[in-house]
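Keep in mind that the numbers below use all heavy atoms, side chains included, and drop hydrogens, waters and symmetry copies. In listed order, ligands and their atoms are each counted from 1.
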Amino acid sequence: MKPEHLVLAIETSCDDTSVAILEDGQQLRSHLIAAQDIHKLYGGIVPELASRAHLELLPPMVAQALAEAQVQPHDLTAIAVTHAPGLVGSLVVGVAFAKAYAAALKIPVIGVNHIEAHLHSATLEHGERPYPAVALIVSGGHTELVLIRAFGEYEWLGATLDDAAGEAYDKVAKRLGLGFPGGPVIDRLAASGRADAFAFPRPMLDKPGLDFSFSGLKTAVAHALAPHGEAPYPAGLTADIAASFQAAVVDTLAGKCGRALDRTGAKALDLGGGVACNRALRERLVSVCASRGVALRIPSPRLCADNAGMIALVGARRLAMGQVSGADLDAAASLEASGLLTR
Ligand code: KG4
Ligand code: ZN
């Protein structure tokens, strides 16, 4: 049977280039994600290099996504593209490509907010959620706790006041001489360390709100390492720091999630962002949700990190609601640019 609609989605907000084709708002016909390894050489993301890489990767990836999905360009119904927030130079590449391609095919383009897409990425695998729901988005650039009353109806519960959770992982990993990105390696090393070796702070957990702060934790790690000089450190010390740091992050994130669920009476907790790949966080949230009878919805690692699948999902929903963008669609760095999400 011929699909009702096929949405091509493009995600270029940071350092991953991703293209997806979604059939009828639920079936991913193809989904490609290219991580840009070049940034590893520099110990962090270099915006100029990210933009150039998106420019090189996008045309062949779109061609491959169409081929894998066995879709011809003229079969496409609309093009969804991340337009905010993110690195503006990277977003511009995706937005310009999407607008030109959509104009050539005479189909609508739909600008999608990247954080809104993270809020819904679990839906691709878990199906529709019960409402209201709470979502925790934890990545290299974001730590956001959001109440979702319905699709498109969001209330900000909390956010980081300084570093994002993933940024804290990356900075601590750098201090430990472990390279970039730091999350996966700290996650792995933490398993062999002692979580009680260092009493790191649980930032803001003793305060009533739902905001976060991770820069003090990074400083506490630096203080603990000061007597030992610079990296490389003995393996046992590295593992103990990793385990103690991770315990502090997980306690903080899980503590605030529990508080947000209690305060809102939410029926589901959705997770998104690269830090949602963290094994200790996933395990802890299982008990946070089970004890409250709340559905825990964690996407597979591929859908936690930046991906075009989630952009396609939100694009298809907006298309169904008749909410397509005009010719003035533009890239914007800030979360608030779409007017949809305000902290
Ligand atoms: O969502 P993402 O792929 O990109 C953006 O930042 O938008 O997230 C990347 C972040 C990095 O900070 C990385 O260190 C962190 O997610 N990360 C992890 C894990 N895997 C990736 N943090 C903790 N544990 C992990 N297993
Ligand atoms: Zn992201």
Please list, in number order, the atoms of ligand 1 under 4.0 Å from a heavy atom of [X].
| X | answer |
| --- | --- |
| D170 | 11 (C), 12 (O), 13 (C), 14 (O) |
| G166 | 12 (O) |
| A305 | 1 (O), 3 (O) |

Taking side chain as C-beta onward, heavy atoms only, is [X] less than 4.5 Å from [Y]?
| X | Y | result |
| --- | --- | --- |
| I311 | V81 | no |
| K256 | M204 | yes |
| Q323 | I110 | no |
| L189 | L178 | yes |
| L119 | D270 | no |

Take atom CD in E128; do more than 12 heavy atoms of anything else shown fall under 6.0 Å from it?
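Yes, enclosed.
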Check: So does R194 have more than 12 non-hydrogen atoms from other groups sitting under 6.0 Å from CZ?
Finding: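 Atom CZ in R194 is not packed in, count stays at 12 or less.
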Could an N or O of ligand 1 be found under 3.5 Å from any N or O of [X], whether backbone or side chain?
| X | value |
| --- | --- |
| H118 | no |
| G183 | yes |
| D187 | yes |
| G274 | yes |
| Y169 | no |

I need the nearest protein heavy-atom contact for [atom]: residue, atom name and distance, please.
| atom | answer |
| --- | --- |
| atom 4 (O) of ligand 1 | D306 OD2, 3.6 Å |
| atom 9 (C) of ligand 1 | G140 N, 3.9 Å |
| atom 24 (N) of ligand 1 | N278 ND2, 2.9 Å |
| atom 15 (C) of ligand 1 | V275 CG2, 3.9 Å |

Practice problem: Compute the minimum heavy-atom distance from G141 to ligand 1 and say whether it is under 4.0 Å. | Solution: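 Yes, that is the case, since the closest heavy atom of the residue is under 4.0 Å from the ligand.
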Does the side chain of S213 pick up a donor-acceptor pair with the side chain of D162 at under 3.5 Å?
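There is such a pair (donor and acceptor under 3.5 Å, judged by atom type) between the side chains of S213 and D162.
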*Should the pair F151 and H120 be assigned to parallel (<30°), tilted (30 to 60°) or perpendicular (>60°) ring geometry?*
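Taking H120 first and then F151, their aromatic rings sit tilted (interplane angle of 30° to 60°).
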For the residue pair H114 and H118, does the interplanar ring angle fall in the parallel (under 30°), tilted (30 to 60°) or perpendicular (over 60°) class?
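Because their plane-to-plane angle is over 60°, the rings of H114 and H118 count as perpendicular.
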- Item | For the Zn ion (ligand 2): protein N/O/S atoms at distances below 2.8 Å |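 Those protein atoms number 3 in total.
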Check your understanding: Is the gap between the ring centers of F245 and Y169 under 6.0 Å?
Key ->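 Centroid distance F245-Y169: below 6.0 Å, so yes.
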Item to check | Stepwise salt bridge (Lys or Arg N to Asp or Glu O under 4.0 Å) check, R317 with E116 | outcome: CA-CA 12 Å; R317 293 291 291 264; E116 184 186 23; over 6 Å; no
